[in-house]
Amino acid sequence: MKQGLKSLGERARRPLVFDQNVKITQLGKLGRVEEAAKVFDRMPQHNTVSYNSMISAYAKNGRVSDARHLFDKIPSRNLVSWNTMIAGYLHNERVDKACELFDKMPHRDVFTWTLMITCYTRNGELEKARELFDLLPDRKNRACWNAMISGYVKKGRFEDARKLFDEMGDRDLVSWNSMLAGYTRNGKMCLGLRFFEEMGERDVVSWNVMVDGYVEVGDLDSAWQFFQRIPNPNIVSQVTMLCGFSRNGRIQDARRVFDQITNKNVVSWNAMLAAYVQSYQIDEAVRLFTQMPEKNAVSWTTMINGYVRVRKLNEANKLLDSMPYNNVGAQTAMISGYVQSERMDEARQIFNKIGTRDVVCWNTMIAGYTHCRRMDEALHLFRQMLQKNIVSWNTMIYGYAQAGRMDEARKIFEEMGEKNIVSWNTLISGFTQNGLYVDALGSFSLMAKDGKKPDQSTFVSGLSSCANLAALQVGKQLHQIVMKSGYTNDLFVSNALISVYAKCGRMLSARYVFNDVDSVDVISWNSLISGYAFNGYGEEAVKLLQEMTVKAITPDQVTFVGVLSACSHAGLIDQGLNLFRSMNEEFCIEPLPEHYACMVDLLGRAGRLEEAFKLVREMKIEANAGIWGALLSACRIHRNLELGCVAAEKLSKLEPCKTSNYVLLSNLHAEAGRWDEVESMRTLMREGGAEKQPGCSWIEDKNQLHVFLSDDGVQPQLPDISDTLNNLTAQMKTCSFMPETLHDYV
DNA sequence: CTAGGGTTAG
């Protein structure tokens, strides 16, 4: 009798437990985790499925530590419990924890394998994932294949994904959609469209992938057309389209899509909020933020970021203080706001308060210090980081490069493991910006050996190094690679190419590149003009200035430096004076010291020294070394000792260490026969701490760059070179080409 | 009850 009652009760209770387990699962999927927990707590009795359902509900809603806590309490765990917990870690970006559990599991099944393939690919360990995939027995199902294909797609290994897709026997819609995403993620929209049309069956995900692909490549018209053709668009379709409009500044259109969403969720609210934030409409953003029926961590982060963007840091901080929970994203946004305003102490205060910092947070703080040139503090933090990513390393390289500390930049670069294109570009442009052109070109070729293809940034750095070295052969080689890589239409690359040819005196080639650019800008014109100026084609440079004004391109300060120096080199005195006047009167450009230096040079070469001096005296700005230097060398040419002394006096204060100034003045004294002054110049030089900067030259031969420093003695062919030089000097003497007086201080 | 495809921020 007792026995019968018990079994009757059990039979009555079973469906109740079953129903409530289902309820927990449903609530979890709807994001109503609190209610799920209430149901779970009120249940008179739990079975393993109840535990598993609740673990899943926690994990799906970001509460991974609650999930783990429950997992540890299960009286009898089954395989599903383990799998659920691993999936929980995977979806909460804790791949390390997932792997830890995987290693401890007593048994594994096909669910476990599939989860682990995803774990490994997320971690970038594609080979490990593939190894596991290949080891799997015949029980391997479509989900395993799809996980592997999608892993390849997400890490940009399109070819591998396609190979697996072709090998796969019975593909389903998920396989097709994964592969379709492979096309659209790589911007291959034409091939993607063809693939889409080949699909026998499509669902709303297929359509959404297409819309997102068009949004990514900025083709909003196609995105919109596809969006409208979707048979049953869902909220993801709408949010994708909304973001497309928002990223292209079409806020009205974004709002229209948003208003059409009938079942708005927190993601769609966040997307609209981000749209206002990105277009700096902070008032609209605030209004939406207060209207939102539900907010999550993303909402708060977006709103704080909105205040940061419009530089309302106090408002941002107030909002951060009122945030009801910890959120590294929002705290990082705040740090980034302080960093942009160089308020490092306040940034550091926020940083110190954060309990668990993620990589982005550390990187933001380090970037702040590098931005403020506080490299030692940046390095200190960098060394404390336990989990660095490639951005952390690149930030350090960038910081040292900006601070002109290229030795340290190089050290960090060599210390890091896998480098990406940003790492290489940061190093190479660092070398270029710090005048280490040979190192820049050296790294350029090392990059190819590392298997990385140069992009616009690499080419610009490489080419501008060539321009500065006047390395024509290397420049031409880079030009070849530019054409092969398809960057001929890039404005920045083209401008750098123009500048290479211009600096190397190949004005025809420069012109050829210039003519090939679809729409040139003022920099293209400037490079061409200063090329003509530099190579002595004064009239050509002036003609170009007229041409560009006809084409309604407004010349800038750099244009006039080019044109005025062209006039000066070509002796176009009157034209130069007229242009100098028109620069201010017609084009409203205030003359810079560089322009005055050109004018002093122009008048000085023509022997109109008094006029030049008058111009300097009457300038509104302070004269710099370039201006006095131009005057001094003009005085040297025209032997005006008095004025020369005035210029030299100024220069000795502005550039006490520059030898060439002393040499000029000394030569001037020597020519006037004042040898006592020449002797006292030597003393002055030594006292002033002037040191002769070693002469430097270079030549290209057989694609090799040979650099010569005076007195370096390293050149193996030095005896030969000396012989040839002596020979040339002798020839010059017979042609009576020798300067009258030479004073050698070296 | 657990695995594979599409959306929001830093």
Side-chain angles (χ1 to χ4, degrees), chain A residues 18 21-22 24-26 28-29 47-57 59-60 78-88 90-91 109-119 121 141-151 153-154 172-182 184-185 203-213 215 230 234-244 246 265-275 277-278 296-306 308 327-337 358-361 363-364 391:
Chain A
F18 179 83
N21 288 347
V22 172
I24 290 171
T25 308
Q26 284 172 343
K29 281 182 184 165
N47 59 18
T48 302
V49 177
S50 330
Y51 281 102
N52 295 347
S53 306
M54 195 57 225
I55 290 171
S56 180
K60 281 200 173 82
N78 63 11
L79 188 51
V80 177
S81 323
W82 287 88
N83 287 340
T84 308
M85 197 58 231
I86 290 180
L90 175 63
H91 292 134
D109 67 357
V110 69
F111 280 78
T112 328
W113 304 124
T114 312
L115 275 165
M116 285 319 290
I117 288 172
T118 310
C119 279
T121 57
N141 62 15
R142 283 187 293 204
C144 294
W145 285 83
N146 292 339
M148 198 63 230
I149 291 174
S150 166
V153 162
K154 284 189 176 141
D172 64 3
L173 194 51
V174 175
S175 333
W176 281 89
N177 284 342
S178 303
M179 203 55 232
L180 181 65
T184 60
R185 266 169 184 263
D203 65 358
V204 66
V205 174
S206 333
W207 285 93
N208 291 349
V209 170
M210 287 304 288
V211 173
D212 184 53
V215 164
I230 304 179
N234 62 10
I235 193 159
V236 176
S237 332
Q238 290 165 309
V239 171
T240 308
M241 198 60 233
L242 192 167
C243 290
S246 133
N265 61 7
V266 67
V267 174
S268 54
W269 283 94
N270 287 345
M272 195 60 229
L273 187 66
V277 161
Q278 274 155 24
N296 65 10
V298 175
S299 331
W300 286 86
T301 309
T302 309
M303 195 58 232
I304 286 170
N305 188 36
V308 165
N327 171 5
V328 203
Q331 286 158 320
T332 306
M334 194 64 237
I335 290 176
S336 145
D358 62 8
V359 197
V360 180
C361 173
N363 289 348
T364 308
V391 178

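A note on names: the letters A, B, ... follow the listed sequences, proteins ahead of strands, and every chain is numbered from 1.
- Using a 4.0 Å heavy-atom criterion, one finds that A/Val298 contacts the bases of the nucleic acid, with or without backbone contacts as well.
- Among the atoms of the strands shown, none is found under 4.0 Å from any heavy atom of A/Asn21.
- Nucleic acid contact class of A/Asn296 (heavy atoms, under 4.0 Å, all strands): none.
- Every residue two or more places apart in sequence or in another chain that forms a side chain to side chain contact (heavy atoms under 4.5 Å, CB included) with A/Thr364 is listed here: A/Thr332, A/Ile335, A/Ser336, A/Val360.
- Here A/Asp172 pairs with A/Arg142 under the salt bridge (charged side-chain N to carboxylate O under 4.0 Å, His left out) rule; sequence neighbours left out.
- Across all strands, A/Thr302 comes closer than 4.0 Å only to sugar-phosphate atoms, never to a base (heavy-atom distances).
- Within 4.0 Å (heavy atoms only), A/Asn363 reaches no atom of the nucleic acid at all.
- First and last contacts of DNA chain B with chain A, using any nucleotide atom under 4.0 Å from a protein heavy atom and ordered 5' to 3', fall at B/dC1 to B/dG10.
- Contact annotation for A/Gln331: no contact, since no heavy-atom pair falls under 4.0 Å across all strands.
- Within 4.0 Å of A/Cys144, counting heavy atoms only, lies no atom of the nucleic acid at all.
- Counting non-hydrogen atoms under 4.0 angstrom, A/Thr114 reaches a base of the nucleic acid.
- Within 4.0 Å (heavy atoms only), A/Thr118 reaches sugar-phosphate atoms of the nucleic acid but no base atom.
- The ring pair (Phe, Tyr, Trp, His ring centres under 6.0 Å) test applied to A/Trp113 returns no partner, not counting sequence neighbours.
- A/Asn234 comes within contact range of at least one nucleobase, with a heavy-atom separation under 4.0 Å.
- With sequence neighbours excluded, the residues that form a side chain to side chain contact (heavy atoms under 4.5 Å, CB included) with A/Asp212 are A/Glu216, A/Thr240.
- A distance of 9.5 Å separates CG in A/Leu79 from CZ in A/Phe111, rounded to the nearest 0.5 Å.
- Qualifying ring pair (Phe, Tyr, Trp, His ring centres under 6.0 Å) partners for A/Trp82, counting only residues two or more places apart in sequence or in other chains: A/Phe71.
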